[in-house]
Amino acid sequence: MDRYDAKTIEARWQRVWEDAQAFHVPNPEPGAPADDTHWYQLEMLPYPSGNGMHMGHVLNYTMGDVITHVRRRSGWAVVRPMGWDAFGLPAENAAIREGGHPREITERNIATIRAQMKRLGWAIDWDREVSSHDPGYYRWTQWLFLKFFEHGLAYRKEAPVNWCPNDQTVIANEYIVDGHCERCGALVELRNMTQWFFRTTAYADELLEFELPPGGEWPERTKTIQRNWIGRSEGAEILFRVDELGIDIPVFTTRADTLFGATFFVVAPEHPFVEAHASEEAQAYARHAGARRAEDRAAETEKTGVFTGHHVTNPVNGERLPIWVADYVLMDYGTGAIMAVPAHDERDREFADTFGLPVVEVIDEHGRLLNSERFDGLPARDGARAIVALLAEQGRGETTVSYRLRDWSFSRQRYWGCPIPIVHCERCGLVAVPEDELPVLLPEIEDYQPKGKPPLASNEEWMRVSCPGCGGDARRDPDTMDTFVDSSWYFLRYVDPHNGHAPFDRDVVDYWLPVSQYIGGIDHATGHLLYSRFFVKALNDFGMLGFREPFARLFHQGWVQMGGTKMSKTKGNVMGPDDLVAEYGADATRLCILFLGPADQDMEWTDAGVEGIVRFLRRLWRVVHEVAERAPADVPVEGPLARKANATIAKVSDDIVRRFQFHTPISAVMELVHELSDDPGGPAARFAAETAVSLIQPYAPHIAEELWQTLGHERLWQQPWPVADEAQLVQETFELVVQVNGKVRDRFHAEVGLSEDELVELAKTSPRVRAHIDGAQVRKTIVVPRKLVNFVVG
RNA sequence: GCCGGGGUGGCGAAACUGGUCAGACGCGCCCGACUUAAAAUCGGGUGGCCCUCGGGCCGUGCGGGUUCGAGCCCCGCCCCCGGCACCA
């Protein structure tokens with residue numbers, strides 16, 4: 001018997017798999033009948049960072065690998081692709097810092113990570129590899145953008161946008177954490193700029209609907225995060241008239257029932273009313289307040305504001321309410337103006353107290369209206385409905401819905417991204433680049449340094465173009481797209497990666513998608529996962545695909561932490577797989593990361609467990625070789641060891657497929673190997689050894705393949721996943737637990753076929769039970785078939 | 001404040017539908033075998049307290065409840081993690 005030498009056998013089997021194209025899965029032939037045994041296994045595509053992979057990636061992709069192997073061997077056609085989220089700031093910043101071209105840096109990083117992935121032996125169909133920076137890919141990103149543009153779902157507008165002063169670019173709401181740029185940590189500023197937006201708000205209600213296919217399932221917390229982010233509130237829009245100016249100001253309220261309690265009126269500093277009509281003093285306040293960040297405004301303990309010099313009329317009772325400007329009212333929610341009801345709103349109350357404004361109660365302690373004229377006595381809900389109905393008759397109000405969700409600003413003032421295929425023409429306006437001129441190639445430039453304007457704008461030769469509409473002089477759009485545009489559709493390209501005449505073929509995506517199982521971090525809950533759903537719903541409405549959700553089942557792996565915090569480059573606690581793989585091999589590394597704990601929980605990385613895993617692999621190696629030499633062939637497969645093997649098959653399959661639990665199967669196989677090593681020459685030893693090897697294959701495919709050969713077989717990766725022999729799972733005897741008053745007093749081996757009465761009689765034969773029931777009155781006897789007998793005495 | 005997820009040995013954890021003295025599997029620790037010795041390897045032990053060595057009592061964040069029986073269900077708390085938040 002040779003020593004277990006991970007390095008040698010891993011290299012050998014990886015070569016075999018590659019030569020055999022073991023994990024290549026072709027698309028079905030056109031017109032092939034639909035089947036329900038295909039599986040799309042997807043993990044979030046990696047950003048090709050200069051650090052290579054960290055253990056979080058290893059966890060993520062190994063989990064996907066285990067599912068892939070089990071499904072494949074259970075008879076499913078499993079597509080399991082890989083690709084690269086290749087555009088983005090880090091490579092561009094590295095190019096500025098260290099010289100070189102972002103493309104070279106990115107492609108070098110891709111090569112490193114691809115090599116790491118191959119070294120780990122993951123069952124990836126490399127024929128489907130795509131990269132977002134490849135013109136063959138971003139041509140279709142541009143093409144899809146134009147579809148959104150044609151449908152009015154991509155548009156330009158001037159708006160206050162989040163500007164990162166460090167990265168010198170606009171960033172999306174979704175990637176701002178506590179007012180700071182998620183990527184570089186700089187304090188984000190608000191700037192008024194003309195930017196590109198996707199009209200995600202047009203899909204707000206649909207994004208609240210999780211239109212998952214049968215069997216689909218998303219974690220509750222992720223749905224909650226998305227619902228909170230979309231922030232739907234039902235209410236009413238009510239028009240308040242400024243009589244002296246002859247204009248109306250609309251407000252949004254969820255509490256129309258409190259309309260009689262409105263005692264003043266407030267507009268946001270940015271509200272157009274202020275600049276047009278407010279007093280000098282109010283305008284000065286607004287200029288000052290509007291320049292402050294929302295966080296600072298929120299942190300302010302004392303309410304501030306200024307009377308504008310005008311009044312509105314309450315449409316329900318004709319009362320004149322003073323219009324104030326105050327920074328506690330936000331321009332980007334509702335209409336930017338509110339009716340203030342200090343009796344029933346904490347913030348309005350604070351404001352009223354500060355400025356000595358009146359407070360009128362209109363809801364009593366039973367939740368009924370008062371001081372509300374003919375509506376008095378109505379429950380709040382009905383009151384709101386009745387008041388809005390009345391206003392609607394007068395054309396002064398209507399029920400409406402407001403959302404927290406904003407449109408997705410996706411133009412970026414940086415170089416390393418997908419160019420926006422739009423031409424700006426003085427005569428024709430925004431003109432789409434014709435389809436046959438795609439892709440608009442990202443030009444080569446020398447200077448990526450951000451200077452407040454996009455680097456592409458400095459490239460005169462590239463910028464100057466003739467208008468596709470009128471042929472006159474025009475200019476290209478110098479912004480590039482947010483990388484989250486690239487990743488909002490990559491899962492569609494994966495299944496049809498070589499398509500030269502369309503981003504994807506509808507039949508092909510309809511065959512494979514929605515993704516059967518998606519695995520990735522919950523940090524993308526309000527970003528990538530929401531954007532991808534928006535894309536798919538829109539593309540469905542364009543008639544390009546036949547489903548409305550991209551991901552049927554979603555799973556979030558926990559963070560792999562070091563020193564109690566998430567691994568990150570800035571914290572310097574990034575740990576990759578390379579050292580571990582070099583010392584112990586890919587199989588040990590894969591087992592290690594999955595054995596760490598439940599995959600959906602955060603876990604502290606430690607290599608303490610490596611010893612246990614390596615011991616297990618060595619024991620497996622030794623025992624299987626012993627079995628191969630000593631165990632008789634063709635013995636009838638029964639007895640305790642055979643039963644254990646069958647139970648292990650059932651446990652491992654159920655844990656992986658149904659429970660999505662990856663660490664307990666390893667324990668189960670360890671138990672089986674322990675029992676096997678007690679008698680490796682005995683009956684059923686060969687069956688037990690084959691079972692152990694077969695079950696560990698998804699986790700440790702190399703050693704499994706090698707030992708499968710030791711046992712005289714070939715091509716384990718193609719062998720059917722074991723199925724437990726039901727007959728073996730049904731035991732002839734079981735352990736009968738006998739309790740008195742719920743406390744275990746004795747245990748028996750009993751036959752499965754015994755009746756309840758027989759079980760009770762058997763239980764009564766125990767002297768240890770008799771000691772507790774003799775002389776006492778048995779008031780009740782509980783019999784749980786195949787489990788226990790419980791005497792209740794007293 | 002609103003919403004979601006959690007609290008089990010020295011540590012990571014298991015216990016799937018309320019039913020096998022709760023703690024599988026692994027780490028660590030202790031003991032033993034091999035060795036001149038150590039390392040490596042292999043085997044055994046390992047929740048706490050008490051013990052006349054038969055066993056007894058206690059134990060899943062805290063307090064109650066339901067049940068023959070609760071880590072699991074219900075009520076009330078405490079603590080931790082995450083999302084939203086001057087959102088009208």
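In what follows, chains carry the letters A, B, and so on, assigned in the order in which the sequence lines appear, proteins first and then strands, with residues in each chain numbered from 1. What you see is a predicted model; the values in this text were computed from it and never measured.
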message: Looking at the base of B:C84, is there any donor atom on it, or on the side chain of A:R404, that sits under 3.5 Å from an acceptor on the other one?
response: no
query: So do A:M63 and A:F555 actually touch side chain to side chain, heavy atoms under 4.5 Å?
result: yes
- request: Among B:C86, B:C84, B:C25, find the nucleotide with the atom closest to the side chain of A:L330.
  value: B:C86
field: A:D332 CG to B:A85 P, straight-line distance once rounded to whole Å
entry: 10 Å
- prompt: Is there a side-chain polar atom (N or O) of A:R615 under 4.0 Å from OP1 or OP2 of B:C27?
  reply: yes
- line: Classified by glycosidic angle (syn within 90° of 0, else anti), B:G18 comes out anti
- prompt: In terms of base orientation, is B:G5 syn or anti, with the syn window spanning 90° either side of 0?
  reply: anti
- request: Assess the side chains of A:S233 and A:Y333: does a donor N or O sit below 3.5 Å from an acceptor N or O?
  value: yes
task: Please state whether the phosphate of B:C25, meaning OP1 or OP2, lies under 4.0 angstrom from any side-chain nitrogen or oxygen of A:H674.
output: no
task: Pick the C1' atom in B:C81 and in B:G45, then give their distance to the nearest Å.
output: 37 Å
message: Output the rounded distance in Å from CD (A:E671) to P (B:G26).
response: 8 Å
task: Return no unless some side-chain N or O of A:S667 is found under 4.0 Å from OP1 or OP2 of B:A14.
output: no
message: Can a side-chain donor-acceptor contact be found between A:T589 and A:Y584 if the only test is distance below 3.5 angstrom?
response: no
message: Quick check for you: to the nearest 0.5 Å, what is the distance between A:R347 atom CZ and A:K303 atom NZ?
response: 8.0 Å
message: Looking at A:W218, I'd like to know if the NZ or CZ of A:R533 sits under 6.0 Å from its six-membered ring centre while staying within 45 degrees of the ring's axis.
response: yes
- prompt: So which nucleotide from B:C87, B:U41, B:C68 ends up closest to the side chain of A:Y333?
  reply: B:C87
message: Regarding A:P219, tell me which of base, sugar-phosphate or nothing describes its non-hydrogen contacts under 4.0 Å with the strands shown.
response: nothing
- request: Could you please name the partner base of B:C53, counting Watson-Crick and G-U wobble pairs only when both distances are under 3.5 Å?
  value: none
- request: Quick one: label A:S233 by what it contacts on the DNA or RNA (base, sugar-phosphate, nothing), any heavy atom closer than 4.0 Å.
  value: sugar-phosphate
query: With both distances under 3.5 Å as the test, what is the Watson-Crick or G-U wobble partner of B:C21?
result: none
- prompt: If we call it a pair only when both distances are under 3.5 Å in a Watson-Crick or G-U wobble match, what pairs with B:U36?
  reply: none
- request: Between A:I338 and A:F595, name the one whose nearest nucleotide on RNA chain B is closer to the 5' end.
  value: A:F595
- prompt: When you compare B:G10 with B:G47, how far apart are their C1' atoms, in angstrom units rounded to a whole number?
  reply: 10 Å
query: Base, sugar-phosphate, or nothing for A:R232, non-hydrogen atoms under 4.0 angstrom?
result: nothing
- request: Name the closest nucleotide to the A:R619 side chain, picking from B:G26, B:A14, B:C16.
  value: B:G26
task: Look through every strand shown and name the nucleotide pairing with B:U46 as Watson-Crick or G-U wobble, where both distances are under 3.5 Å.
output: B:G28
task: Indicate, with yes or no, if the rings of A:F355 and A:W324 have centres closer together than 6.0 Å.
output: yes
- line: Rounded to whole Å, CG of A:L596 lies from P of B:A14 at a distance of 12 Å
field: Value in whole Å for how far the P atom of B:A14 lies from CD of A:Q601
entry: 7 Å
Between B:G43 (C1') and A:D678 (CG): distance, integer Å: 11 Å
- prompt: OP1, OP2 of B:U41 versus side-chain N and O of A:R618: anything below 4.0 Å?
  reply: yes
message: Taking any heavy-atom pair under 4.0 Å as a contact, classify A:D348: base, sugar-phosphate, or nothing.
response: nothing
field: Distance, P atom - from B:G18 to B:C75, rounded to whole angstrom
entry: 16 Å
query: In whole angstrom, what separates A:E270's CD from B:C86's P?
result: 14 Å
field: Residue A:I782, side-chain heavy atoms: nucleotide from B:G19, B:C16, B:U41 that is nearest
entry: B:G19
A:R659 side chain near B:A15 phosphate (N/O to OP1/OP2, under 4.0 Å): yes
message: So, under a plain 3.5 Å distance rule, would you say the side chain of A:N228 forms a donor-acceptor pair with the base of B:C84?
response: no
task: Kindly point out which of B:G19, B:C87, B:C16 is positioned nearest to the side chain of A:R347?
output: B:C87
statement: Among the nucleotides B:C86, B:C16, B:C84, whichever has the atom closest to the side chain of A:W229 is B:C84
- line: Taking B:C3, B:G69, B:C16 as options, the one with an atom nearest any side-chain atom of A:N790 is B:G69
message: Between B:A22 and B:G4, how far apart are the two P atoms, rounded to whole Å?
response: 33 Å
task: State the pairing partner of B:A85; accept Watson-Crick or G-U wobble contacts with both distances under 3.5 Å, and report none otherwise.
output: none
- prompt: Taking atom CG of A:D602 as the centre, does the number of heavy atoms from other residues, nucleotides or ligands within less than 6.0 Å exceed 12?
  reply: yes
- request: Sort out the partner of B:C72 for me: Watson-Crick or G-U wobble, both distances under 3.5 Å, none otherwise.
  value: none
field: Inter-residue atom distance A:L321.CG - A:N314.CG, 0.5 Å rounding
entry: 5.5 Å
- request: Ignoring backbone atoms, establish whether A:R221 has a side-chain N or O less than 4.0 Å from OP1 or OP2 of B:G6.
  value: no
task: Find the distance A:Q661:CD to B:A14:C1' and express it as a whole number of Å.
output: 8 Å
message: Contact between A:D205 and A:Y403 at the side-chain level, heavy atoms closer than 4.5 Å - yes or no?
response: yes
- prompt: When you match A:R658 and A:T224 each to their closest nucleotide on RNA chain B, which lands nearer the 5' end?
  reply: A:T224
task: Starting from P on B:A24, measure out to NZ on A:K644 and report it in whole angstrom.
output: 13 Å
